[in-house]
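To start, the structure itself, in structure tokens.
One-based numbering, in listed order, for ligands and for the atoms of each. FYI, the numbering just counts along the sequence from 1. What you see is a predicted model, and the numbers here were worked out from it, not measured in a lab.
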Amino acid sequence: MSCDFFALANTGVQGLHPYQAGKPTDELERELGLTNIVKLASNENPLGVGELVKAALEQQLAGITRYPDANGFYLKQALADKYDLAPALFTLGNGSNDVLELIARSFVTPEHEVIFAQHAFVVYPLVTQAIGATGVAVPAKDWGHDLPAMLAAITERTRLIFIANPNNPTGTFLTAEALYAFLTQVPKEVIVVLDEAYFEYVDKELQAPSITWLTEFSNLIITRTFSKAYGLAGLRVGYSMSHPDIADILNRVRQPFNCNSFALAAAQAALSDHDFLTASVALNNQQRAVLETFFSDQGIGYIPSKGNFITVELTQDPAAVYQALLHKGVIVRPVAGYGLTKHLRVSIGTALENETFMQALLAVLIELDAQ
Ligand SMILES: *Cc1c(COP(=O)(O)O)cnc(C)c1O
């Protein structure tokens with residue numbers, strides 16, 4: 001007889017629920033015997049892999065018998081060059097999720113509170129809960145972060161604040177002015193994580209000069225990723241920029257080889273492929289407008305987004321719409337777990353993928369209305 005392992009798990013972990021990822025394409029293939037599936041569920045880059053990344057990966061193949069560079073020297077150097085920062089400010093992660101978790105594990109104890117916004121990225125409450133700390137979800141304003149309310153939520157026990165800009169899954173966006181004003185009011189011993197996973201998709205003139213704030217706010221940590229605009233979600237590589245003393249702490253806690261050799265090489269190649277990034281952002285801008293026009297024309301509500309996804313508000317049951325779309329070979333993302341009970345999130349794909357989605361959605365809504 002086995003013992004009660006649930007009772008043995010630490011209290012925070014007992015309250016956890018597994019992360020609900022977007023449904024994988026081959027899972028739907030297996031379940032429904034469909035082909036030509038369109039997956040618009042995980043905010044991945046629909047453009048495929050760039051040539052420079054492909055070449056870098058092929059070159060790495062012969063070396064996989066060796067451990068990767070534990071310090072990611074070349075990738076940190078490439079990032080440092082890109083942003084004109086010292087390499088000592090960077091922490092690399094197995095996706096930026098890894099870095100988000102490292103930050104929480106390094107600085108937060110069960111005695112602390114962690115502040116995030118209602119409808120914000122689910123990893124924030126997840127890492128907080130795993131530690132057994134208290135998560136404080138501040139009610140959203142217009143689906144996004146209510147910064148004054150988040151400031152007001154700070155107590156003596158607050159150790160960490162997570163802010164996603166743009167936010168996933170709502171796509172909402174905070175201006176540089178609002179963020180800067182917020183940072184000036186946060187106590188110096190409260191760490192602010194500014195999660196900029198979708199930074200590259202934001203119009204240049206709206207992008208916050210957040211990196212220039214690092215010298216003024218030593219409690220600021222900026223996280224970014226190669227999973228979205230750079231198209232490397234499957235390789236798992238992201239990073240943070242922070243005060244070197246914070247990077248030093250994170251570097252002690254992380255796994256020695258948290259970024260594998262393919263991820264390191266591909267990320268470095270992706271950084272040099274300006275054409276791929278430009279094309280990715282241009283496609284997203286163009287197709288986001290196509291989808292927005294479609295939603296408006298069809299009277300389907302949506303939350304305006306600065307990311308590579310749009311969250312729609314439906315009058316029909318979103319779970320039923322999700323299931324019906326699956327049967328038509330289109331995977332979108334349910335977001336009820338984010339407290340978005342009337343919504344579905346759709347990632348912005350290629351013109352063809354979006355066309356397939358729009359046709360399928362129209363057909364599904366008509367079918368459901370007829371029932
Ligand atoms: C996708 C996403 C990330 C990054 O995920 P990784 O693949 O782990 O880099 C981080 N934050 C938000 C808000 C995201 O949507």
Using distance alone, decide if ligand 1 has a nitrogen or oxygen within less than 3.5 Å of any nitrogen or oxygen in Asn168.
yes
Hey, what's the ring geometry for Phe90 with Tyr83, parallel, tilted or perpendicular (30° and 60° as the breaks)? parallel
- Query: Any non-hydrogen atom of Gly95 lying under 4.0 Å from ligand 1?
  - Reply: yes
Counting from 1 in the order shown, the ligand 1 atoms closer than 4.0 Å to a non-hydrogen atom of Ser227 are 6 (P), 7 (O), 9 (O)
> Between Phe309 and Tyr198, is the gap from one ring center to the other below 6.0 Å?
Replying inline: yes
Near Ala197 (heavy-atom distance under 4.0 Å), the atoms of ligand 1 are 2 (C), 3 (C), 10 (C), 11 (N), 12 (C), 14 (C)
Nearest non-hydrogen protein atom to atom 3 (C) of ligand 1, with distance, is Lys228 NZ, 3.4 Å
Please verify whether a non-hydrogen atom of Tyr198 lies at under 4.0 Å from ligand 1.
yes
among protein heavy atoms, the one nearest atom 4 (C) of ligand 1 is Ser96 OG, 3.0 Å
Does Asn97, backbone or side chain, put an N or O under 3.5 Å from an N or O of ligand 1? yes
Asn168 side chain to Phe121 backbone, donor-acceptor under 3.5 Å: no
Got more than 12 heavy atoms from elsewhere within 6.0 Å of NZ, Lys204? no
Ligand 1 to Arg236, heavy atom cutoff 4.0 Å, flagged ligand atoms 6 (P), 7 (O), 8 (O)
_Any side-chain donor near an acceptor of the partner, Arg333 and Tyr338, under 3.5 Å_ = no
query: What orientation do Phe257 and Tyr67 show, parallel under 30°, tilted 30 to 60°, or perpendicular over 60°?
result: parallel
Q.
Within the structure, is a non-hydrogen atom of Asp195 found at a distance of less than 4.0 Å from ligand 1?
A. yes
Given side chains that start at C-beta, do those of Val136 and Met150 come closer than 4.5 Å, heavy atoms only? no
